[in-house]
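Structure, as structure tokens:
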Amino acid sequence: MSEKNDRAAWIKGGEVSCSNPPRTTPDRAWRLVLLGSPGVGKGTQAKLLHEQLGACHLSTGDIFRAAKILSERDRSPALNDALEYMRLGKLVPDTTVLDMVRERLHCLHCANGFLLDGFPRTVAQAEALEKLLQKEKLPLTAVLNYELPLEEIMSRLGGRRTCSGCKAVFHITNMPPRVEGVCNFCGAKLILREDDRPESIRVRMEAYEKSTRPLIEFYQKRGVLVSITAEGSPEEICRRTMSKLDSVIAA
Ligand code: AMP
């Protein structure tokens, strides 16, 4: 199954709606949280899982990246502050992130479900999400925790190149573009994301260890954690994920 993936409602917020055709008979709504350290490949998996499951890819990082192209005057003070945290590789304050997610509550109600990528990232965010989902009667199907050794993560992050136009992601050795420095899809220049620079990577890894890793135990205690080895090609990892999800729904 391959679906159009319009994420306008999530990325832009407000009254904007997506142009995805509604599914008249969804098999089920997959409500998944993707966990794992920066560089583990959550974004790539979210795209592949969207193709398999139809659930919307909701990345909080994508909202901030989209906000960057607005002029400073068109951004709220909280959003300007958020972009500065992001530039340094630091976590944006919980209140800002939670306000953004609450403003997009309707996306959590999507008939096909959701794939939360990069949110929650702290225990406070996970607790707030839990309350929100309980109130809205939207139980999580599972929390997918992608695992990879640290050296592999560092190599993935340092070699990642992002298209300045369509935001497609490449890797200088694992997934090189056909022409060095040029996007295969739209021909725009490939860039090193500000937060993929070595200094920002170090700060992001520290933030992950301190703030996000505790979520593994948080979700383990709730019986929804599914751990997945993130080694191999993106397609292999996706197949592994699908087979784990089969076991979850069979249980
Ligand atoms: P990502 O694309 O998920 O790696 O996010 C990029 C950056 O956006 C992070 O390094 C943070 O600065 C910020 N960010 C994204 N999501 C969150 C979140 N849930 N909590 C705090 N900061 C976030």
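For reference, positions follow the sequence shown, starting with 1. Atoms within a ligand are numbered from 1 in the order they appear, just like the ligands themselves.
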So which of [options] gets nearest to [atom], if we judge by its closest heavy atom?
{"atom": "atom 6 (C) of ligand 1", "options": "L88, D196, D195", "answer": "D195"}
{"atom": "atom 3 (O) of ligand 1", "options": "K42, R65, R121", "answer": "R121"}
{"atom": "atom 18 (C) of ligand 1", "options": "A82, A126, G118", "answer": "G118"}

Which heavy atom in [X] sits nearest to a heavy atom in [Y], and how many Å separate them?
{"X": "S200", "Y": "R87", "value": "OG-O, 3.5 Å"}
{"X": "P234", "Y": "T44", "value": "CB-CG2, 3.8 Å"}
{"X": "P214", "Y": "V123", "value": "CB-CG2, 4.0 Å"}

Item checked: Closest protein heavy atom to atom 7 (C) of ligand 1, given as residue, atom name and distance to 0.1 Å -> M86 CG, 3.6 Å
Item checked: atom 14 (N) of ligand 1 - nearest protein heavy atom and its distance -> F64 CE1, 3.7 Å
Atoms of ligand 1, numbered as shown, that sit under 4.0 Å from any heavy atom of [X]:
{"X": "T60", "result": "15 (C), 16 (N), 17 (C), 19 (N)"}
{"X": "V97", "result": "18 (C), 19 (N), 20 (N), 21 (C)"}
{"X": "Q125", "result": "18 (C), 19 (N), 20 (N), 21 (C)"}
{"X": "R193", "result": "2 (O), 4 (O)"}
{"X": "R204", "result": "4 (O)"}

Can you tell me which portion of [X] lies within the under-4.0 Å heavy-atom range of ligand 1? Options are side chain, backbone, both, or neither.
{"X": "K90", "value": "backbone"}
{"X": "V92", "value": "both"}
{"X": "T122", "value": "neither"}

Next item on the list: Give me the one residue out of E217, E127, E130 that meets salt bridge (charged side-chain N to carboxylate O under 4.0 Å, His left out) with R222.
Entry: E130
Next item on the list: Compute whether any side-chain donor of one residue and acceptor of the other, for H57 and S59, lie under 3.5 angstrom apart.
Entry: no
Check: Any side-chain donor-acceptor pair under 3.5 Å between Y146 and T229?
Finding: no
Notebook entry, point to check: Does some non-hydrogen atom of M100 fall short of 4.0 Å from ligand 1?
Noted result: no
Note to self: With a 6.0 Å cut-off (strictly less than), is the heavy-atom count around CD1 of I249, excluding the residue itself, greater than 12?
What the structure shows: yes
Notebook entry, point to check: Which of these passes side chain to side chain contact (heavy atoms under 4.5 Å, CB included) with R121: V97, L35, L91, V92?
Noted result: L91
Note to self: Are L138 and F218 connected into the same hydrophobic cluster when the rule is that any two of I, L, V, M, F, W, Y join if their side-chain heavy atoms are below 4.5 Å apart?
What the structure shows: yes
